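Residue numbers start from 1 in every chain, and the chains themselves are labelled A, B, ... in the order their sequence lines are given, proteins ahead of strands. Since the structure is predicted, the reported quantities are computational estimates derived from the model, not experimental observations.
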Amino acid sequence: MSISLLIGVGALTSIGVYLITARTLSRIILGFVLLGHAAVLALLTAGGPSGAAPIAGGDAALANPLPQALALTAIVISFGLTLFMLALAVRQQTLTGDDLVEDDLEDQRIAQLAAENEHEADR
Amino acid sequence: MNTVLTLMLVAPLLSAALAFAVRRHDQLRDALTLAGLGTAAGASGVMFATVAADGPFVLRVGGWHPELGIVLVADRFAALVLPVALAIIFVVELFAIGQRKTAWGSNPELSGPMMGVLTAGVSLAMLTGDLFTLFVAFELILVSSYVLLTHQGQAAQLRAGMTYVVMNLLASTLFLFGLAYVYAATGTVNLALLTERIPELPDGVRLGIGAWFFVVFGTKAAVFPLFSWLPDSYPTAPTTITAVFAGLLTKIGIYAMIRFHTLMGMDQLGNTMLIIAGVTMIVGALGALAQSHVKRILSFHIISQIGYMLMGLGLFTAAGTAGAILFLVHHMPVKTVLFLVGGLIENDQGTGRLDRTGGLARRRPLIAALFAVPALSLAGLPPFSGFVAKFAVISAGIEARATPWVVLALVAGALTLLSMTKIWLGVFWGADPDRVSVRRPPGNRPMMLAATGIAVAGTLTISALAGPLFDLSVDAAEDLRDPEIYRTAVLR
């Protein structure tokens, strides 16, 4: 049980990391959704082996309720953030026609300066 | 005291909700926002006085035991830093109200309420006694900052905002993984219980946790090499928003780091922290020197100054921690004021680019004076607060025989002075620019000047009270370095 969960965490993390290195915002968002799931699974695994439902009064081995509470909070937060990023992507789409993450300004400026230097060296 | 702690969280959130409901009525909305922020700032003042008199105070929310429930801890560290932070937000909101009708202002219908949410997040982050609530507080701060950064929906803001959101979301996700890691290793996320259980862990696991959270908090604090999102995104937002971000957001990261790593006794990470601190100081100062826009220069300085605080923390001596705390208290108002003055310049000149401004000292001597005080303070010249703070960190470094870092700190200080001179030459001296394209209307200038003036007066007060403040920082550092104090306060 625990091993399969851990494998799940690993798989979700690797796919998530792969996706957030992409250039389109929609893929990055999907990557974060998967990474969020991986973190929640990791939290649940951290709570120890599963047991009966964590309600007071049972005598069987109960599941640890604390990580479940933490996981629920984390899920709600990542849900809201996903929506916000989708809104950003839509706004970017209307402004520029696609949802690519653009080059860093500083990088562009340095590249431009380097090109100018080379041009002058040629003359 | 229960009410006081609760007020700092509930008042700004409640005022944000009410202000959002009446967002179309300018005066009602602004009055509500100011009332919420003012109540929180006032409550933090009461907290400071009470904690100074009676020692740390702990509120168990809902009466749960710390192992299960949420605790709010007002120790001497939180009681020293939080009032400064909340006062800054209040002053910036005053400035924002003065600026709201200008081309540079934020959209007040959103920015007022979101400032309330941000304030609640800042209070929660500083008061919380467990790691998970710290995560929630970070999210509260970040969500409001995402909205504040991008709410005008301009192309530049979206481009920069995207980097900002992605970087910070990644840090948040890593935070969540870190929580799972800590919980699996110790069975709790409560800081007081962690101070007992983390030292008992095997060295590898303990340092793994320390390093993991160093990365998480380091991304928020924009230390080298995790800073690239900062100078890109901050300058694109409206002045008041950049001012709050610059004064508070990265400092929350450093605050969390000082609290977590000192309480858990992560001394073995000290050398790594010192190396990163040195690089951060120099890279930030050099980056600032290469810029030609007031706000971008100031943004790079945030990074450079973070290095000093990290250096104080990385020494892991009583004097070093106290120096880092004093630096934090000095840096928050000074950085905010500089950005507010940047806003005044933009408002007056139509731009913040150094090659398109000039001669402002002649035409607006008041703005020049308001710039000079915090600029000299940032560079660390006596008699301003920056000198005292840098002196505290550097003398702690000499005491700990960390000579290379002391040299780097001095070099970074000289570079800071150089780029402040660059702003001064570009904006305040020289010939008038060919054409000043001031966008109308100019806004409520007296109110903006007054807000900046209050903030400058605040930084001067910090310079004047440097002695007592240093004593308070030493007390706060003592509370952090002896986890027994924290533990007894929380678990009693």
Worksheet entry | Atom pair CG (A:L66) and CZ (B:F132), whose distance is rounded to the nearest 0.5 Å | 9.0 Å
Item to complete: Would you give the length of the straight line joining atom CD of B:Q157 to atom CG of A:L95, rounded to the nearest 0.5 angstrom?
Response: 10.5 Å
Worksheet item: By a 4.5 Å heavy-atom criterion (distance strictly below it), what part of B:Y146 contacts chain A: side chain, backbone, both, or neither?
Response: both
Worksheet entry | Reported OG1-to-CG distance for the pair A:T73 and B:L176, which is rounded to 0.5 angstrom | 9.5 Å
Item to complete: Between chain A and each of B:L68, B:L170, B:L179, count heavy-atom pairs under 4.5 Å; write down the option with the most.
Response: B:L170
Discussion item. Using heavy-atom distances under 4.5 Å, tell me whether B:V165 contacts chain A through its side chain, its backbone, both, or neither.
Written reply: side chain
Fill in: Residue A:L81 versus chain B: region with a heavy atom under 4.5 Å
side chain
Worksheet item: If you draw a 6.0 Å radius around CZ in B:R23, do more than 12 non-hydrogen atoms from other residues or ligands fall strictly inside?
Response: yes
Worksheet item: Side chain, backbone, both or neither: which part of A:A71 has a non-hydrogen atom closer than 4.5 Å to chain B?
Response: neither
Worksheet entry | Closest non-hydrogen atom pair, B:A180 against A:A46 | O-CB, 3.2 Å
Item to complete: Could you tell me which portion of B:V147 (side chain, backbone, both or neither) has an atom closer than 4.5 angstrom to a non-hydrogen atom of chain A?
Response: both
Discussion item. Heavy-atom cut-off 4.5 Å, strictly under: side chain, backbone, both or neither for A:I20 against chain B?
Written reply: side chain
Worksheet item: For the candidates A:I28, A:T45, A:L25, which exhibits the highest count of non-hydrogen atom pairs separated by less than 4.5 Å from chain B?
Response: A:L25
Worksheet entry | Part of A:L35 within contact of chain B (heavy atom distance under 4.5 Å) | both
Item to complete: Sort A:L43 into side chain, backbone, both or neither according to what part of it lies under 4.5 angstrom from a heavy atom of chain B.
Response: both
Worksheet item: Do you know which of A:G36, A:P67, A:A87 has the most heavy-atom pairs with chain B at a distance under 4.5 angstrom?
Response: A:P67
Worksheet item: What part of A:I29 is in contact with chain B, defined as an atom under 4.5 angstrom from a non-hydrogen atom: side chain, backbone, both or neither?
Response: neither
Item to complete: Name the member of B:L140, B:V143, B:L169, B:V166 that forms the most heavy-atom pairs with chain A at distances under 4.5 Å.
Response: B:L169
Worksheet item: What is the distance from atom OG1 of B:T150 to atom CZ of A:R91, rounded to the nearest 0.5 Å?
Response: 10.0 Å
Worksheet item: Hey, which of A:A89, A:G80, A:A38, A:G16 has the most heavy atom pairs under 4.5 Å with chain B?
Response: A:A38
Worksheet item: With a 4.5 Å heavy-atom cut-off, do A:L70 and B:F135 have their side chains touching?
Response: no
